[in-house]
Asks: 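Take this structure, written in structure tokens, and hold onto it; I'll ask about it next.
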Amino acid sequence: MTCCSSSAPFATPAPPLSFHPLRGRSAPSLTFPSTARAPRSVAARAALSDPFVLEIAEKFEDSLSSSPAAAASPLPLQKLRDSSSQSLLSRRWPSSKDEPFRFTNLSFLKSSVLLPVSSLTTPLDCPIDSPLPHLLSIVNGHVAPSLSRLAALPDDVYVGSVSALPPGPALDRVLAALSDGFADGDLFWDLNGVGAPDMAVVFVPAGVRIVDEPIHVRFCYSEGSEVESKQLAVSSPRVLVVVEKGAEVAIAEEHLGVGESEDRCYWANSVMEILIGEGGKVVHSYVQRQSMNAAHIKWTFARQETSSTYELAEVSTGGRLSRHNLNIQQLGPDTVTELAAFHVSQNNQMQDLHSKIILDHPRGYSRQLHKCIVSHSSGHAVFDGNVRVNRFAQQTDAGQLTRTLLLAPRATANVKPNLQIVANDVKCSHGAAISDLEEDQLFYFQARGIDLKTARDALVFSFGAEVISRIPFEPIKKSVTSQLKHLLTTQ
Amino acid sequence: MTLLTHSSASPSTSLAARSFLRAPPFRAHVAPSTIPSPFRPRLLRLRASPRVKATLTVDSPTTGGASSPNGPPIVLLEVKDLKAVIKESGQEILRGVNLIINEGEIHAIMGKNGSGKSTFSKVLVGHPDYEVTEGSVSFKGQNLLDMEPEERSHVGLFMSFQSPVEIPGVSNFDFLLMAFNARRRNKGLPPVEPLEFYSLVTPKVAALNMNPKFLDRNVNEGFSGGEKKRNEILQLAVLEAELAILDEIDSGLDVDALQDVAKAVNGLLTPNNSVLMITHYLRLLEYINPNYVHIMEDGIIIKTGDVSLAKQLEKEGYRGISVS
């Protein structure tokens with residue numbers, strides 16, 4: 001294990017020019033006249049854009065315009081599509097030459113025929129139940145009110161589709177949040193914006209607390225193809241969470257295939273945007289257990305105002321290709337951010353976490369723990385954790401630790417913990433460890449009569465327990481625990 | 001061999017035997033036998049030796065009273081000419097260790113740092129860092145060297161680690177239950193349920209003056225030196241081994257903790273189980289009285305005596321106890 005830490009006397013302010021080392025190899029961004037609105041109208045400019053990307057965007061457009069709801073798209077959704085299609089023009093399909101995708105092979109997506117999930121073809125026969133009292137179901141990107149259970153929420157809280165959001169402060173807030181844009185987005189962020197057929201909104205007004213019983217946000221994917229078909233049904237679920245001043249909300253996010261899609265091929269390209277007002281708090285758990293043949297690409301973008309708290313516990317075990325882009329931005333001082341992730345990468349699986357915490361204000365506190373198990377020779381783990389402590393983020397306390405267990409020969413992990421510190425009065429540390437199980441620990445079990453396999457299973461499971469224990473919702477914790485026990489012992 | 005020659009002695013010679021023991025106990029333990037080992041225990045049982053019986057009556061708080069004066073001695077562990085090297089470097093650490101431990105006996109091995117004491121105990125339990133190059137070890141008549149570490153535990157061998165490793169994420173309770181049920185499974189018994197096990201383990205925790213919360217903590221994680229040692233003895237108490245090898249169980253303990261640990265060890269002694277202690281200090285031997293004290297130097301046992309040897313050592317140091 002290597003560990004290094006920087007504190008005030010040793011922190012060398014980075015020259016402003018070296019500020020974007022991650023983007024060093026990406027193409028210079030292109031600017032387009034603001035008249036460019038929909039992909040079709042700019043087809044003439046295709047020479048500057050990536051034809052493959054445009055093709056996907058056009059497919060999304062077609063599928064959305066053919067759906068009956070398209071004519072009456074609510075304003076926020078129209079805004080989102082417009083801005084996304086505009087910025088999509090300058091996006092290329094990423095290759096391994098682009099730093100953020102240096103180790104993440106996207107050929108699975110590129111070699112497949114991408115088919116946007118047609119319209120609202122919700123198979124209502126699949127049982128979707130939740131152990132939690134508040135349930136918001138999103139099926140193939142559409143909010144499914146018939147599969148949701150939201151009656152017990154306080155009256156002034158809004159949880160549901162943006163299309164049903166009445167005019168008022170909540171809608172204004174949603175529109176304002178969307179107009180801020182997101183400078184750090186990538187192709188997949190924009191593709192989601194273009195392809196999102198609906199947008200779920202969780203609006204918690206000032207002072208309201210939904211803490212003890214979290215809102216279970218269930219992303220279900222019901223359309224999928226056989227593995228041999230080389231087709232991927234693409235869905236683009238989008239969620240916006242707005243937590244006003246002093247409000248608190250607990251969110252249990254879960255991604256899974258339902259019905260026949262439990263082991264089918266599909267691509268979920270989701271985005272969750274979270275805005276936390278002054279003194280607000282969001283406790284977020286995120287469980288990804290999609291089909292082992294599916295692709296899962298997700299953005300989580302959280303903005304934190306003064307004295308707000310964001311806690312995320314993430315467990316990702318599903319998907320052939322799973323990538324989480326996590327971006328936390330500080331909008332005011334005294335924020336608290338605690339991130340924990342546990343990934344399991346088995347046969348032919350890629351688990352990738354790219355995180356960025358950007359601190360621009362004083363006295364921010366952040367902790368990040370990333371743990372990953374690669375249990376098969378063809379498994380692959382990627383972690384790129386960036387913490388940026390900018391000039392005015394004095395007295396920041398930021399810690400980061402990544403630990404990976406490689407349990408099979410040729411199992412691969414690429415980890416890149418990185419701190420960029422400009423402020424000169426901060427406490428920052430990071431550490432990375434990649435190893436097999438400790439011989440000493442295994443022997444300790446054996447010496448007490450426990451056979452090697454049981455010992456390995458116990459140690460492997462306990463490795464993830466540190467993260468799982470941070471899921472604050474007992475029923476979710478239990479189901480994740482039993483799923484992982486099954487997953488890690490049946491190899 | 002000497003063990004076998006006293007078979008005709010009457011059991012009533014207990015007193016005489018005791019004084020006999022004080023004279024030259026050394027020979028009793030240099031006993032490379034010509035009899036094939038599977039037969040040895042049975043023969044020993046048939047031909048009781050007063051000397052071994054005598055060892056059971058030595059003033060130890062537990063063994064003396066508990067043992068039946070007529071019980072035939074049974075060899076528990078027999079180590080013959082054991083040589084072992086460090087696997088990685090090939091460096092020879094054990095250069096021909098001979099030792100016999102009978103049921104109900106308490107032995108202590110003392111020696112300078114680096115003399116091979118800890119290596120000896122690790123080799124006995126099958127630590128993967130070492131490789132046995134020569135010699136044999138039989139435990140209850142079975143060849144120990146052929147067994148995996150977990151099998152050695154199942155047949156009744158236990159070693160308390162000098163510095164037990166931390167196992168984050170596994171609670172002490174789960175670990176003990178896992179070990180306990182592994183032992184039961186090996187015996188063909190059904191596993192016990194956590195609740196049942198809890199009532200079984202709580203008195204043992206209390207006997208060691210340990211906080212019951214101890215069970216919820218992760219194995220050795222953040223434990224103080226004393227807590228780690230107590231935890232090792234707790235595991236011994238749960239697993240009820242026939243031969244407990246206590247590797248420097250006294251190191252890093254304050255007086256109170258040492259008394260607790262010693263009391264617990266004494267409480268676990270029965271006429272049938274044995275203890276092999278490895279220590280640097282006489283102090284431990286004052287709490288847990290050994291029948292035999294062995295001095296190890298440079299990978300062999302150079303001298304065997306009773307507790308007076310340890311006293312002499314305390315006074316004169318290792319220089320006073322040279323083979324010459």
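No hydrogens, no waters, no symmetry mates; every other heavy atom, side chains included, goes into these values. Sequence lines set the chain letters: A, B, ... in the order given, protein chains first and strands last, and positions in each chain run from 1.
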Asks: Using non-hydrogen atoms and a 4.5 Å limit, figure out which bit of B:E148 sits close to chain A: side chain, backbone, both or neither.
Replies: side chain
Asks: Using heavy-atom distances under 4.5 Å, tell me whether B:V238 contacts chain A through its side chain, its backbone, both, or neither.
Replies: neither
Asks: Locate the shortest heavy-atom distance separating A:D451 from B:R185; write the atom from each residue and the value.
Replies: OD2-NH1, 4.4 Å
Asks: Shorter than 4.5 Å, heavy atoms on both sides: which option in A:F445, A:F463, A:F461 has the most such pairs with chain B?
Replies: A:F445
Asks: Within a strict 4.5 Å, meaning less than it, do heavy atoms of the A:F443 and B:V165 side chains meet?
Replies: no
Asks: Are there over 12 heavy-atom neighbours, none belonging to B:K263, within less than 6.0 Å of that residue's NZ?
Replies: no
Asks: Any chance NZ of B:K87 has more than 12 other-residue heavy atoms, nucleotides or ligands included, within less than 6.0 Å?
Replies: yes
Asks: With a cut-off of 6.0 Å (strictly less than), are more than 12 heavy atoms of other residues, nucleotides or ligands near CD of B:E221?
Replies: yes
Asks: So, taking the atom named OG in A:S462 and the one named CG in B:N218, what distance separates them when rounded to the nearest 0.5 Å?
Replies: 8.0 Å
Asks: Measure up the A:Y444 and B:F161 rings against each other and bin them: parallel (under 30°), tilted (30 to 60°), perpendicular (over 60°).
Replies: tilted
Asks: Taking all non-hydrogen atoms of both residues into account, name the closest pair between B:A182 and A:G449 and its distance.
Replies: CB-O, 3.2 Å
Asks: Measure B:L239 against the heavy atoms of chain A and call it side chain, backbone, both or neither at under 4.5 Å.
Replies: side chain
Asks: Take atom CG of B:L195 as the centre, draw a 6.0 Å sphere, and report whether it contains more than 12 heavy atoms from other residues, nucleotides or ligands.
Replies: no
Asks: Are A:R448 and B:F180 in a cation-pi setup, meaning NZ or CZ lies under 6.0 angstrom from the ring centre and within 45 degrees of the ring axis?
Replies: no
Asks: Would you name the heavy atoms of A:D440 and B:H127 that are closest together and state the gap between them?
Replies: OD1-NE2, 4.4 Å
Asks: For B:N220, is it the side chain, the backbone, both or neither that has a heavy atom under 4.5 Å from a heavy atom of chain A?
Replies: side chain
Asks: Side chain from CB out, backbone as N, CA, C, O: work out which of these in A:E466 comes under 4.5 Å of a heavy atom of chain B, or both, or neither.
Replies: neither
